[in-house]
Amino acid sequence: LSGVTLGAPVPGAICIIRIGTLTGGTVVVTGGAGVKLSGTNVKATFNAADEALILMYKAANTWEVIANIGGVVLAAS
C-alpha cells in the first residue's frame, strides 16, 4: 500500500485503513480533489505497523476521524 488517494464519502460510509506490516518508510493516504480527512486535513501519514484510522461520513467531501490508533499523523498539506 503506497500513495493511496481516498475518494469522497457517501452518507453512512465508514472507512478503516490499517497498516498490517511496514518494513520501512511510511504510507501516505491523501484525500482526492477537494476531499478532507477531518477538519482541514487532507493527508494521513502512517509510520508503523498496526497504525489505523477509522473514518466516517461527515459531509459531501469530508471524512471525520472517529479513531486514530497508534498516532497516525494528519496534515493540511
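Computed from heavy atoms alone, side chains included, the values below leave out hydrogens, waters and symmetry copies. In this chain, numbering begins with 1 at the start of the sequence shown.
To the nearest 0.5 angstrom, Asn68 atom CG is 7.5 Å from Glu51 atom CD. Taking CG from Leu53 and CH2 from Trp63, the interatomic distance works out to 11.5 Å, rounded to the nearest 0.5 Å. With rounding to the nearest 0.5 angstrom, the CG atom of Asp50 is 10.5 Å from the CG atom of Leu22. Rounding to the nearest 0.5 angstrom, the gap separating the CG atom in Asn61 from the CG atom in Leu37 is 11.5 Å. One distance of note links CG of Asn41 with OG1 of Thr62; it measures 11.0 Å at 0.5 Å rounding. Atom CD1 of Ile16 and atom CD1 of Ile66 lie 8.0 Å apart (nearest 0.5 Å).
At a threshold of 4.5 Å between side-chain heavy atoms, the hydrophobic network of Ile, Leu, Val, Met, Phe, Trp and Tyr places Leu74 and Val42 in two separate groups. Follow the hydrophobic side-chain contacts under 4.5 Å out from Ile69 and you never reach Val27; the two are in separate clusters. Under the 4.5 Å side-chain heavy-atom criterion for ILVMFWY residues, a single connected hydrophobic cluster contains both Val72 and Val65. Hydrophobic clustering, with ILVMFWY side chains joined whenever heavy atoms are under 4.5 angstrom apart, groups Val4 together with Phe46.
The two residues Ala8 and Ala60 make their nearest non-hydrogen contact at CB-O, 3.6 Å. Between Ser77 and Lys43 the shortest heavy-atom distance is O-CE, 3.0 Å. Closest approach of Ala59 and Pro9 over heavy atoms only: O-CG, 3.7 Å.
Looking only at side-chain heavy atoms (C-beta outward), Leu55 and Leu6 come within less than 4.5 Å of each other.
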